[in-house]
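A short worksheet on the structure shown next.
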Amino acid sequence: MKPQTDPAEAEPSGAQPIAAHRFSVAPMMDYTDRHFRVLFRQISRRSLLYTEMVVAQALHHCQQAGAAGDGRARQRLERLIGFDPCEHPIALQVGGDDPALLAEAARIAADRGYDEINLNVGCPSEKVQKGRFGACLMAEPDRVAQCVAAMAAASPLPVTVKHRIGIDARDSFEELLAFVDRVAAAGSKRFSVHARKAWLEGLDPKQNRTIPPLRHDLVLRLKQERPELTIELNGGLQTLADCLPPLQQLDGVMVGRAAYDHPLRWAALDRELFGVAQPQPATASQVVRGLIPYAERWCSGGGRLWSIARHLVQVVEGVSGARHWRRQLGQAAGERTAGPEVLEAAARQLEEHGF
């Protein structure tokens with residue numbers, strides 16, 4: 001299930017391909033589902049995409065029940081971790097603190113054809129904390145190390161970790177370094193670091209993305225202190241121009257909301273960050289039209305078009321008529337019987353206006 005090379009995007013003779021983690025789209029609950037990931041593939045073929053966080057215990061229950069013949073459990077498992085081959089390279093992000101369950105998740109990810117598995121040690125939500133995983137695990141580096149070791153032993157996939165620079169009052173560089181060292185020794189060599197600490201009490205997840213100050217300097221220092229590790233920066237990167245300076249010193253950048261809210265802002269991504277020879281960056285109409293074959297497959301299998309179309313509202317922005325186009329698309333795609341013809345009409349409208 002690995003992606004085929006597009007001849008138009010082939011590397012120059014003798015060139016070494018640039019690792020996908022040079023640019024990745026962060027895992028975001030309710031946003032980075034399979035439909036948005038296919039949408040973003042119309043913009044970038046090379047970047048690394050992540051699933052929404054999937055709880056390891058939920059994977060276990062679905063896998064066990066499905067193996068016992070429960071059709072609904074198999075369907076739920078497909079909803080949780082199913083993906084289209086065009087989404088490669090793709091990482092499954094999991095949440096949990098049980099090494100055995102996480103090892104099982106790693107085996108499932110490998111069997112399903114994922115390119116890597118990532119452990120969430122960054123989410124600060126109250127619900128996640130009650131499950132004893134996410135950012136609160138930064139207070140338990142030994143536990144995280146046990147989880148990573150179990151995952152690494154269970155499958156051949158790379159095991160990576162996404163985490164914060166600290167939590168609450170535990171936010172010194174020394175504590176960050178000790179956490180990374182302990183987890184690296186267990187088998188993870190790549191770390192996606194959200195350059196804000198998390199307040200586990202008093203701030204909700206949205207506030208934790210904006211109120212704690214950005215500390216890019218700590219991530220840069222981490223790379224300087226541990227050059228043998230692969231370090232990616234997450235947090236505060238809004239444009240391609242924002243990504244260029246950190247990429248001079250770090251191995252990769254990860255972008256979240258800005259990739260979802262402004263997808264065409266990244267249209268030149270493969271050319272600028274991966275050196276791909278693109279005739280022209282993708283346009284809004286090309287993105288919509290590129291989704292039609294996928295929508296045909298999805299709708300023919302009983303899926304609703306709205307699941308795909310809801311992600312398109314930000315593809316056209318800042319131009320005359322954008323609001324009217326979004327309203328028309330929303331109304332047409334919201335019909336229960338809507339099919340790919342809605343996207344065909346939407347793409348044609350955009351083409352007529354040169355978008």
Side-chain angles (χ1 to χ4, degrees), residues 26-32 50-61 80 91-106 117-152 159-188 190-215 218-219 222 231-236 254 256-257:
M28 294 176 284
M29 294 298 294
D30 300 322
Y31 293 93
T32 53
Y50 284 81
T51 67
E52 303 168 88
M53 183 187 69
V54 179
V55 178
Q57 190 171 31
L59 275 182
H60 170 76
H61 287 314
L80 285 173
L92 173 65
Q93 189 189 62
V94 292
D97 70 339
D98 184 319
L101 291 178
L102 289 166
E104 181 184 25
I117 188 163
N118 177 269
L119 180 63
N120 184 319
V121 192
C123 181
S125 78
E126 184 177 351
K127 181 179 180 181
V128 166
Q129 289 183 60
K130 287 180 179 178
R132 295 303 304 159
F133 55 94
C136 65
L137 283 178
M138 289 201 72
E140 301 181 58
D142 287 343
R143 186 68 168 178
V144 177
Q146 292 167 10
C147 293
V148 165
M151 295 164 74
V159 180
T160 65
V161 177
K162 185 175 188 296
H163 61 94
R164 296 279 182 143
I165 56 173
I167 54 172
D168 300 331
R170 305 182 63 163
D171 60 353
S172 70
F173 178 76
E174 290 70 26
E175 287 169 301
L176 171 63
L177 187 62
F179 172 84
V180 169
D181 281 348
R182 181 70 185 89
V183 177
S188 181
R190 203 171 94 232
F191 297 83
S192 301
V193 189
H194 188 158
R196 285 187 173 93
K197 73 173 181 178
W199 283 108
L200 299 183
E201 293 185 12
L203 296 182
D204 62 29
K206 181 178 180 180
Q207 291 170 322
N208 262 306
R209 292 194 301 270
T210 56
I211 292 177
L214 279 167
R215 293 295 308 274
L218 294 185
V219 184
L222 178 63
I231 306 296
E232 303 161 40
L233 174 67
N234 174 226
M254 175 182 280
R257 302 287 163 166

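Values reported hereafter were calculated over all heavy atoms of this structure, with side chains retained and with hydrogens, waters and symmetry mates removed.
In this structure, the separation between CE on Met29 and SG on Cys123 is 8.0 Å, given to the nearest 0.5 Å. In this structure, CD1 in Ile167 is found 11.5 Å from CG in Leu176, a value given to the nearest 0.5 Å. Here Thr51 contributes atom OG1 and Met28 contributes atom CE; the two are 11.5 Å apart, rounded to the nearest 0.5 Å.
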Criterion side chain to side chain contact (heavy atoms under 4.5 Å, CB included) on Met53 and Val128, from CA distance to verdict: CA-CA 11 Å; Met53 183 187 69; Val128 166; 3.9 Å; yes

Side chain to side chain contact (heavy atoms under 4.5 Å, CB included) between Ile165 and Phe173, intermediate numbers included: CA-CA 8 Å; Ile165 56 173; Phe173 178 76; over 6 Å; no

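Two residues are said to be in side-chain contact when any heavy atoms from C-beta on lie closer than 4.5 Å; Arg209 and Pro124 fail this criterion. Residues Gln57 and Phe133 fail the side-chain proximity criterion, which asks for heavy atoms closer than 4.5 Å. Here the side chains of Arg164 and Lys197 are not in contact, with every heavy-atom distance at 4.5 Å or above. Using a 4.5 Å heavy-atom cutoff, the side chains of Ser192 and Asn234 are not in contact. At a threshold of 4.5 Å between non-hydrogen side-chain atoms, the residues Asn120 and Lys162 do not count as touching.
Annotation: side chain to side chain contact (heavy atoms under 4.5 Å, CB included) contacts of Leu203 (sequence neighbours excluded): Trp199, Gln207, Asn208, Ile211, Pro212. His163 meets the ring-ring contact (aromatic ring centres under 6.0 Å, His included) test with Phe179, Phe191; sequence neighbours excluded.
The nearest pair of heavy atoms linking Val54 to Leu80 is CG2-O, 3.7 Å. The two residues Gly96 and Leu119 make their nearest non-hydrogen contact at O-CD1, 4.0 Å.
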Distance-only donor-acceptor hits, side chain of residues 134-151, under 3.5 Å, sequence neighbours excluded:
| residue | atom | partner | partner atom | Å |
| --- | --- | --- | --- | --- |
| Glu140 | OE2 | Arg132 | NH2 | 2.6 |
| Asp142 | OD1 | Arg182 | NE | 2.8 |
| Arg143 | NE | Asp97 | O | 2.9 |
| Arg143 | NH2 | Asp97 | O | 3.0 |

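Judged purely by atom type and a 3.5 angstrom limit, Arg215 has no side-chain atom pairing as donor or acceptor with the backbone of Ala195. The main-chain N or O of Asn118 is never found under 3.5 Å from a side-chain atom of Gln93 such that the two would form a donor-acceptor pair.
Atom CD of Glu174 has more than 12 neighbouring heavy atoms from other residues, nucleotides or ligands inside a 6.0 Å radius.
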